[in-house]
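Right, one structure below, let's go through it.
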There are 2 protein chains.
Amino acid sequence: MENINEILSLDSKENTSNFSKGDILQREGENCSKAFFVKKGLIRSYTIDNKGKEHVFMFAPEKWVIADIESQEFNQPAKLFIDCVEASEVIILDRRLLFKSDLNIDQLKNNVNLLSRRVAVLQRRVIMLMSASAKDRYELFLETYPKIPNRVPQRMIASYLGITPQALSTLRGEIARKK
Amino acid sequence: MENINEILSLDSKENTSNFSKGDILQREGENCSKAFFVKKGLIRSYTIDNKGKEHVFMFAPEKWVIADIESQEFNQPAKLFIDCVEASEVIILDRRLLFKSDLNIDQLKNNVNLLSRRVAVLQRRVIMLMSASAKDRYELFLETYPKIPNRVPQRMIASYLGITPQALSTLRGEIARKK
DNA sequence: GTGATTTGTTAATCTACATGAATGCATAGG
DNA sequence: CCTATGCATTCATGTAGATTAACAAATCAC
């Protein structure tokens with residue numbers, strides 16, 4: 001969701017809110033018509049499975065948008081939690097504003113591009129999850145989010161990769177030893 | 001990509017082509033501006049990793065659309081192969097027609113919805129790949145594609161699930177024994 | 001039809017990663 | 001300041017699924 005000119009132009013019409021580290025913007029089960037644009041800080045979305053285990057779906061550093069598109073699209077209560085990894089400044093957008101209202105052709109084309117980009121990123125992630133080892137996935141994470149590894153606790157990175165913090169620790173140990 | 005009225009309306013302007021089982025519609029490395037709408041039959045997309053192993057990305061039975069959106073979006077040569085699991089009748093669409101040309105507002109809104117749906121499906125698949133066991137993934141596959149399990153070779157289902165054919169065979173054995 | 005290749009199944013062994021527990025550090029609250 | 005809780009790391013052990021191999025059934029080529 002890199003092209004953000006349009007979103008920023010909505011800034012004046014929408015609220016910018018400030019949140020502290022750990023604040024929860026959306027809980028599982030809630031009605032979720034909101035999307036969150038990160039002006040400053042770092043937020044993440046995640047599920048909690050039936051064994052109580054967290055699975056980080058994505059991180060959103062500055063200028064990224066985060067939303068529970070699956071639940072919105074199927075008109076279901078939220079499947080994802082969204083909370084702040086750092087203190088953050090967030091523009092809260094109504095999803096209907098982004099996708100449904102009386103936008104003009106250029107805005108709609110822009111949205112088509114935003115969504116295509118999102119599909120592309122997810123396609124890559126699915127292929128990666130199916131075919132790559134934990135080490136390869138860690139390396140792709142570093143590429144995808146080059147600026148955030150030192151801002152995110154190890155356990156969240158592990159959760160994003162689909163492995164345990166212990167496995168990530170061992171992995172990092174091996175990588176460090178090789179260099 | 002369930003809402004297909006618009007696509008079907010393009011039918012007359014576009015070519016319908018017939019393919020035999022095994023025919024390849026797109027190869028890795030090719031320029032890929034096409035999307036494929038399946039009128040009849042069954043096609044799939046997949047990657048081949050650097051160890052020569054296939055990973056099925058998705059199946060497209062009747063009325064589904066398949067395309068390598070990642071490569072198109074980033075203007076790269078195709079990452080995905082696309083071929084026919086069964087003899088198929090396919091409408092070949094130019095991606096630019098679907099996403100880029102002078103469409104009217106309703107058509108663009110429709111495309112936004114198609115892409116949102118696609119994002120939603122991929123979000124679900126990512127979460128599933130991260131958190132679910134092979135057995136759970138198999139059950140979700142049966143839900144996602146209720147009509148095709150008997151039309152697709154086991155090895156392709158295994159590949160879609162991210163496991164080996166042997167593991168799937170054992171799994172199916174266990175499920176059958178329990179019933 | 002016949003032989004050859006591909007497919008699905010079962011079983012033995014191997015391995016990447018999970019799980020559980022112990023330890024040293026850090027950060028937070030009183 | 002001290003204690004408590006959480007976090008990262010390491011190690012011992014467990015396990016889901018990979019790998020390899022063998023074989024039967026199905027499909028393909030001719």
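Everything numeric in this text was worked out from a predicted model, so none of it was measured. The sequence lines fix the lettering, A, B, ..., with proteins before strands; numbering per chain opens at 1.
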>> Using a 6.0 Å distance limit plus a 45 degree cone around the ring axis, check whether R137(A) lies over the aromatic ring of F141(A).
In response: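 Relative to the ring axis of F141(A), which defines the angle, R137(A) lies outside at least one limit.
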Listed by chain and number, what are the side chain to side chain contact (heavy atoms under 4.5 Å, CB included) partners of [X], not counting sequence neighbours?
X	answer
T170(A)	E174(A)
P77(B)	none
D136(B)	A132(B), S133(B), E139(B)

>> Using a 3.5 Å distance criterion without hydrogens, assess whether the side chain of S45(A) forms a donor-acceptor pair with backbone atoms of L80(A).
In response: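 Absent.
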>> If we ignore hydrogens and angles and just use 3.5 Å, is the side chain of S116(B) paired with the main-chain N or O of E73(A) as donor and acceptor?
In response: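 No; zero donor-acceptor contacts below 3.5 Å.
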> First and last nucleotide of DNA chain D in contact with chain A, 5' to 3', at under 4.0 Å to a heavy atom: what are they?
Replying inline: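 Boundary nucleotides touching chain A, in 5' to 3' order, are dC7(D) to dT10(D).
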> Taking only residues two or more places apart in sequence, or in another chain, which ones meet S71(A) in a side chain to side chain donor-acceptor pair (under 3.5 Å)?
Replying inline: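 Checked S71(A) against side chain to side chain donor-acceptor pair (under 3.5 Å); matches are D68(A).
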> Considering residues at least two apart in sequence or located in another chain, which fulfil the salt bridge (charged side-chain N to carboxylate O under 4.0 Å, His left out) criterion with E28(B)?
Replying inline: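 Partners of E28(B) by the salt bridge (charged side-chain N to carboxylate O under 4.0 Å, His left out) criterion come out as none, since no residue qualifies.
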>> Heavy atoms only, 4.0 Å cut-off, all strands: where does K53(A) land among base, sugar-phosphate and nothing?
In response: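 Answer is sugar-phosphate: K53(A) comes under 4.0 Å of backbone atoms only.
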> Using a heavy-atom distance cut-off of less than 4.0 Å, which residues of residues 149-164 of chain A contact DNA chain D?
Replying inline: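 Correct list: P153(A), Q154(A), R155(A).
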>> Between the opening five pairs and the closing five pairs of the helix from dG1(C)-dC30(D) to dG30(C)-dC1(D), how far apart are the helix axes, to 10°?
In response: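 For the helix from dG1(C)-dC30(D) to dG30(C)-dC1(D), the axes at either end differ by 50°.
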If you restrict it to nitrogen or oxygen atoms, what contacts under 3.5 Å exist between nucleotides 27-30 of chain C and the protein, and what is each distance?
none

Determine all donor-acceptor pairs shorter than 3.5 Å in which one atom belongs to a side chain in residues 159-168 of chain B; sequence neighbours excluded.
| residue | atom | partner | partner atom | Å |
| --- | --- | --- | --- | --- |
| S159(B) | OG | E54(B) | O | 3.1 |
| S159(B) | OG | V56(B) | N | 2.8 |
| T164(B) | OG1 | A167(B) | N | 3.2 |

> Taking only residues at least two apart or on different chains, which pairs with a member in residues 143-152 of chain A satisfy side chain to side chain donor-acceptor pair (under 3.5 Å)?
Replying inline: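 Every side chain to side chain donor-acceptor pair (under 3.5 Å) pair that includes a residue of residues 143-152 of chain A, provided the two are not neighbours, is E62(A)-R151(A), E86(A)-R151(A).
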>> Connecting only ILVMFWY residues whose side-chain heavy atoms lie within less than 4.5 Å of each other, what is the rest of M128(B)'s hydrophobic cluster?
In response: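 Joined to M128(B), directly or through intermediates: L140(B).
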> Does S169(B) or L171(A) map to a spot on DNA chain C nearer the 5' end, using the closest nucleotide for each?
Replying inline: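 Here S169(B) is the residue nearer the 5' end.
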> Can the ring centroids of F57(A) and Y46(A) be said to lie less than 6.0 angstrom from one another?
Replying inline: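 Here the rings of Y46(A) and F57(A) have centres that are no less than 6.0 Å from each other.
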